[in-house]
Novice: 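Can you read through this structure? Questions will come right after.
So you know, we letter chains A, B, ... as the sequences are listed, proteins then strands, and number each from 1. Worth saying up front: this structure is predicted, and the values here are computed from it rather than measured. All heavy atoms count here, side chains included; hydrogens, waters and symmetry mates do not.
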Protein chains: 2
Amino acid sequence: MRFSKKSEYALRAVLILADCPPNQTLQIQELSVISGVSVKFLEQILLVMKKGGILRSKRGVGGGYQLDRPARSITLGEIIQLMDGGLCELSGITDSHGTPEYPGSAGLQTCFREIDEQVNEALQERTIEEVLSMDRPKDILAFEI
Amino acid sequence: MRFSKKSEYALRAVLILADCPPNQTLQIQELSVISGVSVKFLEQILLVMKKGGILRSKRGVGGGYQLDRPARSITLGEIIQLMDGGLCELSGITDSHGTPEYPGSAGLQTCFREIDEQVNEALQERTIEEVLSMDRPKDILAFEI
DNA sequence: TCATTCCCTATCAATTTACTCAAGAATGAG
DNA sequence: CTCATTCTTGAGTAAATTGATAGGGAATGA
């Protein structure tokens, strides 16, 4: 009942890139160090996000990655959907394909579909920009733990 | 991003048992046929739920399983928690153990923790009795698909 | 033309999942 | 008592998924 590491790492990378000055690129190598993800694994992830229209890249000396559009237009849901090939489907419970009919089967499906929708909505609403700003609360004297 | 089959099968079994007249037991064999789950796999699942205080069993001739308490006191969340050893933790994203600090890391965690809580709350609220009653809407002329 | 940096695909090891098998132990009918 | 019935228990396994590595290829620009 969890997201894949790919999704998590993808989110890390996008957050890091979103935190950079605009028009600055970061190399995979740098992203790797900051995010704590191996260069080779990151490559795959970044590539998918490039093809998915979230990042853009530049090759050669001075190349690297940057966001392809503003952080306020990128949602958590979009990234997760891209990396995991789908959003929240809490179970095979939601898809009734081939499942037998038993007492409560319809109710169970309805119930999980509702929860799924709730989660997916929440994920589609949250933008990268919002998440970044949650990080540094401005009017609260934050504890450093 | 889904629940295990064990959880799903466990829910099926409990729903089927909840739909029986009180004080009637069902044998694993019968549950297997109705739920479409193999006898041997069901055995494991039912056993866990017995130990978890959701079902009770009786051995020997005329034995079988039944609910250990009323369907209105059993929630989806309880069963899932029992079978999967935990409820919704959308990711390793939620547990910050050993993850590096990067821009947005705190915000991301907060964000997912919120969603987790939402889901878990929904699961803890829904009772087996409710799900059963959703199955047969009383005031709506339902389609048979 | 060459160092740099991203691009792409194949492969692998570990883990998890879903499930099976085989033998044991309680129960109660006769 | 004894025997069929039914649950109990734990070990074992096959397939799928995941997380990660490896290595050569292709663009870029100095």
Novice: Could you tell me the separation between the CD atom of B:Gln44 and the P atom of C:dC19, rounded to a whole number of Å?
Specialist: 10 Å
Novice: Check whether any side-chain nitrogen or oxygen of B:Tyr9 sits under 4.0 Å from OP1 or OP2 of C:dT17, and answer yes or no.
Specialist: no
Novice: Does B:Ser57 make a side-chain N or O approach to OP1 or OP2 of D:dT6 shorter than 4.0 Å?
Specialist: no
Novice: Enumerate the residue pairs fulfilling ring pair (Phe, Tyr, Trp, His ring centres under 6.0 Å) with a member in residues 47-78 of chain A, sequence neighbours excluded, ordered by first and then second residue.
Specialist: none
Novice: For A:Val39, which residues count as a side chain to side chain contact (heavy atoms under 4.5 Å, CB included) partner, sequence neighbours excluded?
Specialist: A:Ile28, A:Gln29, A:Ser32, A:Glu43
Novice: What is the distance from CG of B:Leu17 to P of D:dC7, rounded to the nearest Å?
Specialist: 11 Å
Novice: Could you state the CD1-P distance from A:Ile45 to D:dG19, rounded to the nearest angstrom?
Specialist: 9 Å
Novice: Expressed in angstrom and rounded to an integer, what is the separation of A:Lys50 atom NZ from D:dA27 atom P?
Specialist: 11 Å
Novice: Under 3.5 Å between N/O atoms: give me all the protein pairs with nucleotides 23-29 of chain C, atom names plus distance.
Specialist:
unit_1: C:dA26; atom_1: O4'; unit_2: B:Arg59; atom_2: NE; d: 3.4
unit_1: C:dA26; atom_1: O4'; unit_2: B:Arg59; atom_2: NH2; d: 2.8

Novice: What integer distance in Å separates B:Glu8:CD from C:dT17:C1'?
Specialist: 14 Å
Novice: Check whether any side-chain N or O of B:Lys6 sits under 4.0 Å from OP1 or OP2 of C:dT17, and answer yes or no.
Specialist: no
Novice: Could you pull out all residues at least two apart from B:Glu121 that satisfy side chain to side chain contact (heavy atoms under 4.5 Å, CB included)?
Specialist: B:Glu125
Novice: For the pair made of CG in B:Leu42 and P in C:dA18, what is the distance, rounded to whole Å?
Specialist: 14 Å
Novice: Does D:dT8 have its OP1 or OP2 closer than 4.0 Å to a side-chain nitrogen or oxygen of B:Lys51?
Specialist: no
Novice: Which residues within residues 21-38 of chain B lie with some heavy atom under 4.0 Å of an atom in DNA chain C?
Specialist: B:Ser38
Novice: I need the CG-C1' distance between A:Leu47 and C:dT9, as an integer number of Å.
Specialist: 11 Å
Novice: In a table with atom names and distances, give each donor-acceptor pair under 3.5 Å that connects a side chain of residues 54-63 of chain B to protein atoms at least two apart or in another chain.
Specialist:
unit_1: B:Arg56; atom_1: NE; unit_2: B:Asp68; atom_2: OD1; d: 2.9
unit_1: B:Arg56; atom_1: NH2; unit_2: B:Asp68; atom_2: O; d: 3.4
unit_1: B:Arg56; atom_1: NH2; unit_2: B:Asp68; atom_2: OD1; d: 3.3
unit_1: B:Ser57; atom_1: OG; unit_2: B:Lys50; atom_2: NZ; d: 3.1

